[in-house]
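The structure under discussion appears below in the form of structure tokens.
Proteins come first, then strands; the chains are lettered A, B, ... in the order of their sequence lines, and each starts at number 1.
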Amino acid sequence: MPNQGNSAPPLRVRFSPSPTGLTHLGSARTALYNFLIARKTGGAFLLRIEDTDQKRYDPSAEQDLISSLKWIGLEWDEGPDVGGPHKPYYQSQRKDIYRKHAEELIEKGKAFYCFCSPEELKVVRETQQKRHEQPHYSGLCRKIPPQEAQQRVQNGESHVVRFKAPKEGSITVTDLLRGEITVENSKVDDMVLLKSDGHAVYHLATMVDDHLMQITHVLRGEEWLPSLPLHAHIYEAFGWQQPVWVHLSVFLKPSGKGKMSKRDTAEMRLTGQSIFMKDLAGMGYLPEGVTNWIALMGWSYDDHTEFFTMKDLIDKFDLAKLNPSPAAIDFKKLDHFNGLHIRALAQSELAKRLIPYFDKAGFKVDAAQLAPIVAIIQTRMATLDEGPELAGFFFKEEIAVPAEMLLGKGMTVAASIEAVRRALEIVESLPEFSATKIEEPMRALADDLGVKAGQLFGILRNAVTGQEVSPPLFESMEIVGRKKVVARLQAAISKLGN
RNA sequence: GCCCCCAUCGUCUAGAGGCCCAGGACGUGGCCCUUUCAAGGCUAAAACCGGGGUUCGAAUCCCCGUGGGGGCACCA
């Protein structure tokens, strides 16, 4: 659908993760969609760190988060590291703001102080569960007269602030992807807004921040859908206008059965797959490939277009084409997209990105050395770490090739030796050692020997590259260079002779 | 147990009542190209969860069932 002149108004959106572990695919996609719609509409994308749970907050997770988002090319207009008009962007530093808002709600009679201890609460919850009821707050402290509650707070009694959820009637909230959702108010619990340590809980902190930071659209995970009615009530209690709610579907494990558990992710990493951005980067996936892949899990453009650069995505992304149903992750498809983006890379760029992988495999190479090689391996890689597997032989001084690999298909030892010997003669006598100049006499040699070209080339491939599977033979020979080819063929002859 | 969401090939999806005996992509099989492996081209198999409505007509709307997913904390 082409944009008809009067495009969408600029949206203010945010990604607000809680850094408690490594950044995974699901978070990355939520961040990506937020970023895309901000850029698309010329709006703003903010990053806000939800670190009100001091027990779970992990600074290294925050580092991982920032680097993961940057890796796929996301930039934020406001956030912890770049600042902005609504700072601070750490919820732990906004404690006073939340306290003030909690008090405002108490004054309005929309919240109350609760002095129930966690132990008491636990007992109530357990009996409710035994009775097969949805666990909910008993309502005990709701009845305490405000003055008395105020007094107890002033006396230093440990307390929390709870939302006074309406108990009559029902509430209808609208989600962009799912339409109207109506829930009985009796199902909305008196959730804790402010913990006894003075920190706000998500339900308060996020609503307050989204309002204060003038967020127009909330794109968040589907796991928040059950608390949407609560959130709508909180907005109403403050008298604020709600943002547009968009709940993105969750990612399911490859089997499609449930979302990834801690154990699943651990097992997956053992098999060389991972849902963590950090791992994906190390495994040789391109940020372009990963981005393309996750963008299409839950969003689509049309029937034919599947290859997207970030620029394309910004151009084409549209909230209206979001899909509400959960999606199973498929790593085969990642490989496909990654291959597509590897092939779309300029050769010089590919060479540059390949260097660290050769390095890791123990090959000291530079971009100039890699240049001719890239040309013949570019279509042969799904991930960058396949580079050294495919082309490591170019940089080895010696290659060890077992004798049985040097035997031509259906050929005797003697015939194989003869073939290599004759090929060696050609290699040594060629005036110009280039791929095109090598091929012709080698084909003639095969004819002369009475063997198929494939039989001869097979022996030579194994002798020169040490691999059954390699880039094209003659191009490889040219790059390896005459001197080394001669040495490797001589080594093959002596190996066969023993 | 209770609440909510979702439901098209194995997977990601197109489909907003007739364009659909359902299209694309990944994966899988076959063929072509080819010195191996890829890439590329062609091709095949493969789906509207079930039942009721509404309608001249339903993959598309409604209801029920079933299945799947998510949630029920002083975590986010």
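For A/Y98 and A/H199, the ring centers are positioned 6.0 Å apart or more.
Spacing of C1' atoms, B/G10 relative to B/A45, comes out at 12 Å, to the nearest Å. Taking atom C1' in both B/U60 and B/C4, the straight-line distance is 24 Å, to the nearest Å. Here the separation of B/C37 from B/G18, taken at their P atoms, is 48 Å to the nearest Å. Nucleotides B/A16 and B/C61 are separated by 11 Å at their P atoms, to the nearest Å. For the P atoms, the distance linking B/A59 with B/U54 amounts to 16 Å, nearest Å. As rounded to the nearest Å, B/U66 and B/G51 have P atoms that lie 15 Å from one another.
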For A/K167 and A/R142: C-alpha separation, side-chain torsions, deciding distance, then whether side-chain contact (heavy atoms from CB on, under 4.5 Å) applies. CA-CA 12 Å; A/K167 292 297 163 207; A/R142 253 177 107 123; 3.3 Å; yes
Show your reasoning for whether salt bridge (Lys or Arg N to Asp or Glu O under 4.0 Å) applies to A/R353 and A/E288. CA-CA 13 Å; A/R353 298 205 202 184; A/E288 293 93 329; 2.6 Å; yes
side-chain contact (heavy atoms from CB on, under 4.5 Å) assessment of A/L225 paired with A/E222: CA-CA 5 Å; A/L225 210 45; A/E222 190 187 6; 4.3 Å; yes
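Between A/R343 and B/G40, a side-chain N or O to OP1/OP2 separation shorter than 4.0 Å is present. Residue A/K130 places no side-chain N or O under 4.0 Å from the OP1 or OP2 atom of B/C2. Phosphate proximity of B/C74 to A/R162: present, with a side-chain N or O under 4.0 Å from OP1 or OP2. At least one side-chain nitrogen or oxygen of A/K195 sits closer than 4.0 Å to the OP1 or OP2 atom of B/C75. A sub-4.0 Å separation between OP1 or OP2 of B/A73 and a side-chain N or O of A/K55 is absent. Phosphate proximity of B/A76 to A/T20: absent, as no side-chain N or O sits under 4.0 Å from OP1 or OP2. For A/N323, no side-chain nitrogen or oxygen approaches OP1 or OP2 of B/C6 to under 4.0 Å. The shortest distance between the side-chain N/O atoms of A/T52 and the OP1/OP2 oxygens of B/A76 is below 4.0 Å.
Using a 4.0 Å heavy-atom distance criterion, A/S300 is classed as a sugar-phosphate-only contact. The residue A/V192 sits close only to the backbone: its heavy atoms come under 4.0 Å of sugar-phosphate atoms, none of a base. A/G258 comes within 4.0 angstrom of the backbone, heavy atoms only, and of no base. Using a 4.0 Å heavy-atom distance criterion, A/S249 is classed as making no nucleic acid contact. Heavy atoms of A/G298 sit under 4.0 angstrom from primed sugar atoms or phosphate atoms, though from no base atom. Note on A/W224: a base of the nucleic acid sits closer than 4.0 angstrom, heavy atoms only. At a threshold of 4.0 angstrom between heavy atoms, the contacts of A/L473 include nucleobase atoms, whether or not backbone atoms are also involved. Within 4.0 Å (heavy atoms only), A/I181 reaches sugar-phosphate atoms of the nucleic acid but no base atom. Among the protein residues, A/K122 comes within range of no part of the nucleic acid, since none of its heavy atoms lies under 4.0 Å from any strand. Nucleic acid contact for A/P472: base, since at least one base atom lies under 4.0 Å from a heavy atom of the residue. Across all strands, A/P229 comes closer than 4.0 Å to no nucleic acid atom at all (heavy-atom distances).
For CD of A/E440, the number of neighbouring non-hydrogen atoms (other residues, nucleotides, ligands) closer than 6.0 Å is 12 at most. When the shell of 6.0 Å around NZ of A/K95 is examined, it contains more than 12 heavy atoms from other residues, nucleotides or ligands.
Nucleotide B/C42 forms a pair with B/G30, judged by Watson-Crick or G-U wobble geometry with both contacts under 3.5 Å.
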Can you give one letter per nucleotide of nucleotides 23-31 of chain B, going 5' to 3': B for a protein heavy atom under 4.0 Å from the base, S for sugar-phosphate only, - for none? BBBSS----
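Residues meeting the ring pair (Phe, Tyr, Trp, His ring centres under 6.0 Å) test with A/W224, sequence neighbours left out: A/Y202. Here A/Y113 pairs with A/H159 under the ring pair (Phe, Tyr, Trp, His ring centres under 6.0 Å) rule; sequence neighbours left out. Annotation: ring pair (Phe, Tyr, Trp, His ring centres under 6.0 Å) contacts of A/W293 (sequence neighbours excluded): A/F331. Remark: A/F457 engages A/F474 in a ring pair (Phe, Tyr, Trp, His ring centres under 6.0 Å) (not counting sequence neighbours).
Judged by distance alone with a 3.5 Å cut-off, no donor-acceptor contact links the side chain of A/S18 to the base of B/A76. Taking 3.5 Å as the limit, the base of B/C74 and the side chain of A/S196 contain a donor-acceptor pair of atoms between them. Scanning atom types as modelled, one donor and one acceptor separated by under 3.5 angstrom connect the side chain of A/R56 and the base of B/C75.
Using a 4.0 Å cut-off between a side-chain N of Lys or Arg and a carboxylate O of Asp or Glu, A/D210 and A/R48 qualify as a salt bridge. Remark: A/K130 does not engage A/E126 in a salt bridge, criterion side-chain N to carboxylate O under 4.0 Å.
If you check B/A39, B/C5, B/A76 against the side chain of A/E50, the one that comes closest is B/A76.
The stretch residues 439-458 of chain A touches RNA chain B through A/R443, A/F457, each having a heavy atom within less than 4.0 Å of the strand.
Atom-to-atom, CZ of A/F308 to P of B/U13 comes out at 13 Å; the value is rounded to the nearest Å. One atom, CZ of A/R178, and another, C1' of B/G69, lie 10 Å apart when rounded to the nearest Å. As a whole-Å value, the separation of A/L228 CG from B/A76 P is 18 Å. Look at CG on A/L177: it is 11 Å from P on B/A7, rounded to the nearest Å.
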